[in-house]
Colleague: 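One structure, as structure tokens, below. Some questions next.
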4 protein chains.
Amino acid sequence: MTAASGGERADARRNRAKMLSVASELFAEHELEVPLGEIARRAGVGAGTVYRHFPTKQALLEAVFVQHLEELVASGERRMVGFAPTQAFFGFLMHVVEKSGRRGHLCEVVAADASWPHPMLTASVQRFRQVLTALLQAAQRVGGVRADLSPDDVVAVAVGCTSMLTTRRDRAAGRRLVQLVLDGLRPSADVTERSVFRDDLVSSPGRVELCADCGVKLPLRPTGRPARYCGPTCRQRARRRRLAG
Amino acid sequence: MTAASGGERADARRNRAKMLSVASELFAEHELEVPLGEIARRAGVGAGTVYRHFPTKQALLEAVFVQHLEELVASGERRMVGFAPTQAFFGFLMHVVEKSGRRGHLCEVVAADASWPHPMLTASVQRFRQVLTALLQAAQRVGGVRADLSPDDVVAVAVGCTSMLTTRRDRAAGRRLVQLVLDGLRPSADVTERSVFRDDLVSSPGRVELCADCGVKLPLRPTGRPARYCGPTCRQRARRRRLAG
Amino acid sequence: MTAASGGERADARRNRAKMLSVASELFAEHELEVPLGEIARRAGVGAGTVYRHFPTKQALLEAVFVQHLEELVASGERRMVGFAPTQAFFGFLMHVVEKSGRRGHLCEVVAADASWPHPMLTASVQRFRQVLTALLQAAQRVGGVRADLSPDDVVAVAVGCTSMLTTRRDRAAGRRLVQLVLDGLRPSADVTERSVFRDDLVSSPGRVELCADCGVKLPLRPTGRPARYCGPTCRQRARRRRLAG
Amino acid sequence: MTAASGGERADARRNRAKMLSVASELFAEHELEVPLGEIARRAGVGAGTVYRHFPTKQALLEAVFVQHLEELVASGERRMVGFAPTQAFFGFLMHVVEKSGRRGHLCEVVAADASWPHPMLTASVQRFRQVLTALLQAAQRVGGVRADLSPDDVVAVAVGCTSMLTTRRDRAAGRRLVQLVLDGLRPSADVTERSVFRDDLVSSPGRVELCADCGVKLPLRPTGRPARYCGPTCRQRARRRRLAG
DNA sequence: TATGAATGAGTCTTCATTCAT
DNA sequence: CATGAATGAAGACTCATTCAT
């Protein structure tokens, strides 16, 4: 229909994208129990076309997973520069959990030191782990996350939260639960105060009663201007980062 | 229902138990992706025998699930009398998580208001929920668990922890994580510590045939039409040759 | 329970009879598509018991068929002595059709000169054919049935009528049809008069407008005592038979 | 519905036609007792191909039946214009009987008021009934067929004649019988003549194993648990020996 | 290159038949 | 001798994958 500029190439790319997104959705809902024919049908292409792009169902799965990881990596990298470490870490985690649907199970491969055949997958997994590790360590350095957590721990927690979210029928209630669990990753000193649910941490990260840098809980004073940081150290650190860009 | 008379019953009972335990293990590992023939083989019986006892794969699944729930219910009831409320609740939860393996996903039905066809399954689910609710409320009454948690919340957390546990390869580390998460359900927490890693993932090469055009080796796949060419190029070349002469 | 007179023998006989009757009914309805287990269950015995009495499903089938044939043979023999030839023949045929249900198909074996493995079956089939042939020839001798019909023809007609009867949902209508078809076996000279349906030939063989001996149609005179025979010959023949017993 | 575009369609159409004709023949001979694999094999295609064209065995059956009905309808319509009413009716009926083989039994659905799920089937059945009814009424109007016959009667007669024809081994004799029966539908009849016989029935012996106790030969049955003993006596003897030592 | 038809191994399920008790 | 559990071949059906067009 469209007068071709680069020839069929554009169509092929569009097809590939369509297949990926369709497969992504279906895998997220039905977790592998999806016939390839169904994917082809919904993508509006023939079965052969799927196989021209992805030589195996496994390959398609991997492509979906790689794409998913890349999106998460991008989101993580954005957070690394734009947010305070602790906020970045928790925001990232919540994002991962919310975006993964039932694909969370595939994430199990991420938990491995990962010698996986497919090179691209390995690369994506590694990049994901790097981002995750960086965010984790940064948050740990500023004391916003328990020091005894490894990246593998965090991955496992994320996968678990994913399935919590799909289990709890009430989506809002599910998010509250995830929030609660993620709060459990904060240093135990502040555990006493975690008792208020917050639904808005992700959507509007500015309005919180936690330290904007390290995420530690801030005492609520009835009077005066509400505190943004837990102390001078965090305030100074945040300022330096602001100035750096 | 209750088997009380003599005769060959003993054998049948033993068989049934064997099948159930085999199925339980396999479902716990592979989550429904288990051929019934495999279960039969491992239980040392014929396929027909499985069907004599469980008229459907679904029926077997339900039986496994019911048995699992009954065990959990029994454990929960024991805890109700022998332990302090908070300890009973957390002990029960940890027990549930540790025993459920990948069956945790089946537990999703538990999270529902649960109008399930099979009467026995429904009954078991209800009893499970009753026990869970009782333990939860008792613990909440003595202030050992956050007051804003519903039974559905707890079920979701349990399911999530189940998948955390199977994700984290290091069992000890997994348990520590679960502990951490469960502690998040307390109004104020006390936590334990530890950490390690592990991993494995394999890929199998397989015997090969040769491309009918270029002679390159072809992978033998267990399903689908056996390949004759190594790809479209060779196929096309062969076709041209066919058409030419 | 019962104090044994002849020991278990009585029970066994009763069981065998029960099985036969159950099997007979089920075969008549579902034409072979009956699991042996179902027969066992309905007869109130174990599967093994069926096999003790009938070493094969085929054997059971044969037994059922033999019993059915024996009943038909007995009925046929009764008719040979108690009725005029033509009446005997048509009455027998109608009886066969009505009693056979879907077992009619099994009757196909009867159409064969029948070198069948099972000796008892062969014997029964032969006896059945003998009775049928005798009735047919007697009726033909008195001119009540077309002379160009062979026993095989008659068997085929009977089988066909059987399936006519099961096809026509309305049982009465079905019987009328069968009657019509059977009337087609009478000498063609009288065809003109076959246009009235009679539902009562079988149940009350006395009230017919046909000759009570040879079955030829009788002219209906508006006055006088209704005729019973088509002429003196038949009347005399009938009388001799009455006197003979 | 109508295939008009080019491409591989031709092959597919050929395959579909082949399957239909193979299935039609086999159903006509064995009446549903045909494994789909057998149909596939004879049509020279894989099992999956059959399922691509007919999602269910039932669907295949219906397709066969629909095709059969359509052919009959076409034949009926041709007769409506080219023949005198009575001749058209009887010619059609004879045609139906001769073409239907054992499929006649499927025709039972035609006898029903016919609320059948499959729309196409229903449509075909209705068209068939319409043609049949039209032919019947036309013939009745000119006095060529008894006035007291309903379309349902005629269908039942046709089905019955079908099974007459398959029962009578001698095809010519069978046709003569059918002729005779159909003539019975006329107010007054004219008949044809003829007669012959034929037959065959086989039983297969099979390879044999030996009784584990007395060494007598055992018949090898294709299904069921393979026998180890020649009967209960030997089994019991063997058992006593086992228990003794 | 895209299409969708063909392939066939593998799954669930049934049922005739034998065996242990 | 009766019972019902066990057996396993065979049938319906699915779906990953390749091939002809």
Side-chain angles (χ1 to χ4, degrees), chain A residues 7-8 11-12 15 34-38 40-41 45-53 55-58, chain B residues 6-12 15-16 34-38 40 45-53 55-58 218 221-229 231-232 235-236 238-239 242, chain C residues 7-9 11-12 15 34-38 40-41 45-53 55-58, chain D residues 6-12 15-16 34-38 40 45-53 55-58 221-229 231-232 235-236 238-239 242:
Chain A
E8 285 281 302
D11 260 44
N15 268 345
V34 193
L36 268 197
E38 181 68 12
R41 207 172 51 69
V45 301
T49 306
V50 176
Y51 274 88
R52 173 166 295 276
H53 287 277
T56 300
K57 191 181 189 184
Q58 175 70 17
Chain B
E8 179 135 48
R9 283 294 147 67
D11 264 43
N15 269 340
R16 192 189 148 91
V34 194
L36 274 196
E38 180 68 12
V45 301
T49 304
V50 177
Y51 278 88
R52 162 170 289 274
H53 289 275
T56 303
K57 192 182 186 183
Q58 176 70 17
L218 302 173
R221 310 217 191 255
T223 67
R225 180 195 273 203
R228 199 180 304 160
Y229 303 101
R235 178 158 49 229
Q236 186 62 21
R239 174 150 204 253
R242 262 201 315 277
Chain C
E8 286 278 301
R9 205 56 58 82
D11 260 44
N15 268 345
V34 194
L36 269 197
E38 180 67 12
R41 205 172 52 68
V45 303
T49 305
V50 176
Y51 274 89
R52 174 165 294 275
H53 288 276
T56 299
K57 192 183 188 182
Q58 176 70 16
Chain D
E8 179 135 53
R9 282 294 148 66
D11 265 44
N15 269 339
R16 191 189 151 93
V34 194
L36 274 196
E38 180 67 12
V45 302
T49 303
V50 178
Y51 278 90
R52 160 173 289 274
H53 289 275
T56 303
K57 191 182 187 182
Q58 176 72 15
R221 312 220 191 253
T223 66
R225 180 196 273 205
R228 200 179 303 161
Y229 303 102
R235 178 159 49 230
Q236 185 63 22
R239 173 151 206 253
R242 263 203 313 277

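In what follows, chains are A, B, ... by sequence order, proteins preceding strands, each numbered from 1. Nothing here was measured: the structure is a model prediction, and the numbers come from that model.
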Colleague: For D:R52, enumerate each residue passing the salt bridge (Lys or Arg N to Asp or Glu O under 4.0 Å) test, keeping only those at least two apart in sequence or located in another chain.
Modeller: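 Per chain and number, D:R52 pairs via salt bridge (Lys or Arg N to Asp or Glu O under 4.0 Å) with no residue.
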Colleague: Closest nucleotide of DNA chain E for C:G48 versus for D:A47: which of these residues is on the 5' side?
Modeller: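 Looking at DNA chain E, the more 5' nearest nucleotide goes with D:A47.
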Colleague: So which one's nearest nucleotide on DNA chain F is more toward 5', D:K57 or B:N15?
Modeller: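 Result: B:N15.
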Colleague: Does B:V50 reach a base, just sugar-phosphate, or nothing at all? Heavy atoms under 4.0 Å.
Modeller: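 Result for B:V50 = nothing.
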Colleague: Rounded to the Å, how far apart are D:R16 CZ and E:dA6 P?
Modeller: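 That distance rounds to 11 Å.
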Colleague: Is there a donor-acceptor contact under 3.5 Å from the side chain of C:K57 to the main chain of C:P35?
Modeller: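 It does not hold such a pair.
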Colleague: Can you tell me the distance, in whole Å, between the CG atom of A:L36 and the C1' atom of F:dT14?
Modeller: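 It is 13 Å, rounded to the nearest whole Å.
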Colleague: Check whether any side-chain N or O of D:T49 sits under 4.0 Å from OP1 or OP2 of E:dA5, and answer yes or no.
Modeller: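 Answer is no, no contact under 4.0 Å.
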Colleague: Find the distance C:Y51:OH to E:dC15:P and express it as a whole number of Å.
Modeller: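 It works out to 12 Å between those atoms.
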Colleague: Atom NE2 of C:H53 and atom C1' of E:dT17: how far apart are they, to the nearest Å?
Modeller: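 Rounded to the whole Å, the gap is 16 Å.
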Colleague: Can you pull out how bent the helix from E:dA2-F:dT21 to E:dT21-F:dA2 is, comparing the axes over its first five and last five pairs, to 10°?
Modeller: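 Computed from the C1' atoms at both ends, the axes differ by 10°.
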Colleague: When the distance from CG of B:D11 to P of F:dT7 is rounded to whole Å, what number comes out?
Modeller: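 Atom-to-atom, B:D11 to F:dT7, this comes out as 10 Å.
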Colleague: In whole Å, what is the span from the CZ atom of D:R52 to the C1' atom of F:dC13?
Modeller: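 Rounded to the whole Å, the gap is 15 Å.
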Colleague: Over how many whole Å does the gap from D:Q58 atom CD to F:dG11 atom P extend?
Modeller: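 Between P of F:dG11 and CD of D:Q58: 19 Å.
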Colleague: For B:Y51, what residues pass the side-chain contact (heavy atoms from CB on, under 4.5 Å) criterion, not counting sequence neighbours?
Modeller: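 Partners of B:Y51 under the side-chain contact (heavy atoms from CB on, under 4.5 Å) test: B:L36.
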Colleague: Rounded to whole angstrom units, what separation is found between the CZ atom of C:R41 and the P atom of E:dA16?
Modeller: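 Distance, rounded to whole Å: 14 Å.
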